[in-house]
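By convention in this document, chain letters (A, B, ...) are assigned in the order of the sequence lines, proteins followed by strands, and residues within each chain are numbered from 1. Only this structure's heavy atoms are used, side chains among them; waters, hydrogens and symmetry mates stay out.
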There are 2 protein chains.
Amino acid sequence: MNEAYKQAEIAFQSNEVPVGAVITYQSQIIAKQYNETLARTDPTAHAEILAVREACQKLGTERLVECSLYVTLEPCPMCAQAISFARIKALYFGAYDPKGGGIEHGPRIFEQSTCHHKPEIWGGIQEDVNAELLQAFFAERR
Amino acid sequence: MNEAYKQAEIAFQSNEVPVGAVITYQSQIIAKQYNETLARTDPTAHAEILAVREACQKLGTERLVECSLYVTLEPCPMCAQAISFARIKALYFGAYDPKGGGIEHGPRIFEQSTCHHKPEIWGGIQEDVNAELLQAFFAERR
């Protein structure tokens with residue numbers, strides 16, 4: 001989660017919403033990404049989506065069955081469903097996101113009948129520091 | 001929708017789940033894509049995601065506010081949320097998808113409090129022909 005936070009800090013410095021994500025396989029980091037929706041002109045370029053794509057390229061598979069994903073913010077519904085499709089084994093997320101989250105809020109993607117893979121989930125990890133970075137970002141822009 | 005169906009046929013011939021998507025702007029097609037999860041080794045490479053990315057690159061914006069998206073199958077929750085983020089104006093889809101759809105089934109993404117943009121929606125367009133292509137694909141593989 002510390003490495004995911006570092007990725008979020010890069011996003012912050014790039015004027016992107018500061019969210020970072022890391023994927024591990026056999027205790028090694030195989031993907032690290034941050035939110036780049038502005039830089040890539042791509043509304044789907046969330047940290048988790050980019051990390052899933054990077055990890056799949058690295059491992060040469062579209063199924064990340066032995067991988068864990070660490071992300072600084074509760075994934076949105078788009079990313080939650082992507083995590084399910086990728087068969088990620090374990091999901092660790094930082095701050096909760098009542099306005100946009102898709103795990104503990106809104107559609108609760110992993111609880112739906114249309115969801116065919118649910119990872120192990122740990123939320124609220126290093127919640128304070130991860131939330132503070134987001135609050136600082138949005139406070140600057142108000 | 002006819003052009004989206006042609007894209008789905010290309011997917012079928014490529015042994016990909018046959019779903020095709022097209023995005024229009026000012027009555028012109030600006031993006032056409034088909035599902036390429038296998039070819040790209042990317043579980044997020046659904047037709048709609050690829051089409052959103054292509055259209056955003058073409059128009060140089062991450063907001064497709066004046067665009068319509070045509071897709072042969074009811075979008076999954078991942079793609080539905082991506083369509084919302086992209087601010088697509090109108091969504092036309094073909095076959096309904098009770099097992100994996102995210103519009104009329106499962107999480108009903110656009111009805112959630114975490115969804116901040118809902119397009120106009122028309123479902124079931126050329127439903128028979130779009131569903132038959134999918135059924136033929138899965139029948140071959142059983």
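Counting non-hydrogen atoms of neighbouring residues, nucleotides and ligands closer than 6.0 angstrom, the NZ atom of A:Lys89 reaches no more than 12 such neighbours.
Under a 4.0 Å N-O distance rule, the pair A:Arg40/B:Glu62 does not qualify as a salt bridge.
Interface remark: B:Cys76 contributes side-chain atoms only to the contact with chain A (heavy atom separation under 4.5 Å).
Note: A:Tyr96 and A:His105 have perpendicular aromatic rings, judged against thresholds of 30 and 60 degrees for the angle between ring planes.
One side chain, B:Gln33 or B:Glu54, offers a donor N or O that lies under 3.5 Å from an acceptor on the other.
Counting heavy-atom pairs closer than 4.5 Å to chain A, the top residue among B:Ile49, B:Thr41, B:Asp42 is B:Thr41. With chain B as the partner, the residue from A:Pro107, A:Gly106, A:Cys56 showing the most heavy-atom pairs under 4.5 Å is A:Pro107. Comparing A:Asp97, A:Leu64, A:Leu59, A:Thr37 by how many heavy-atom pairs each has under 4.5 Å with chain B, the most go to A:Thr37.
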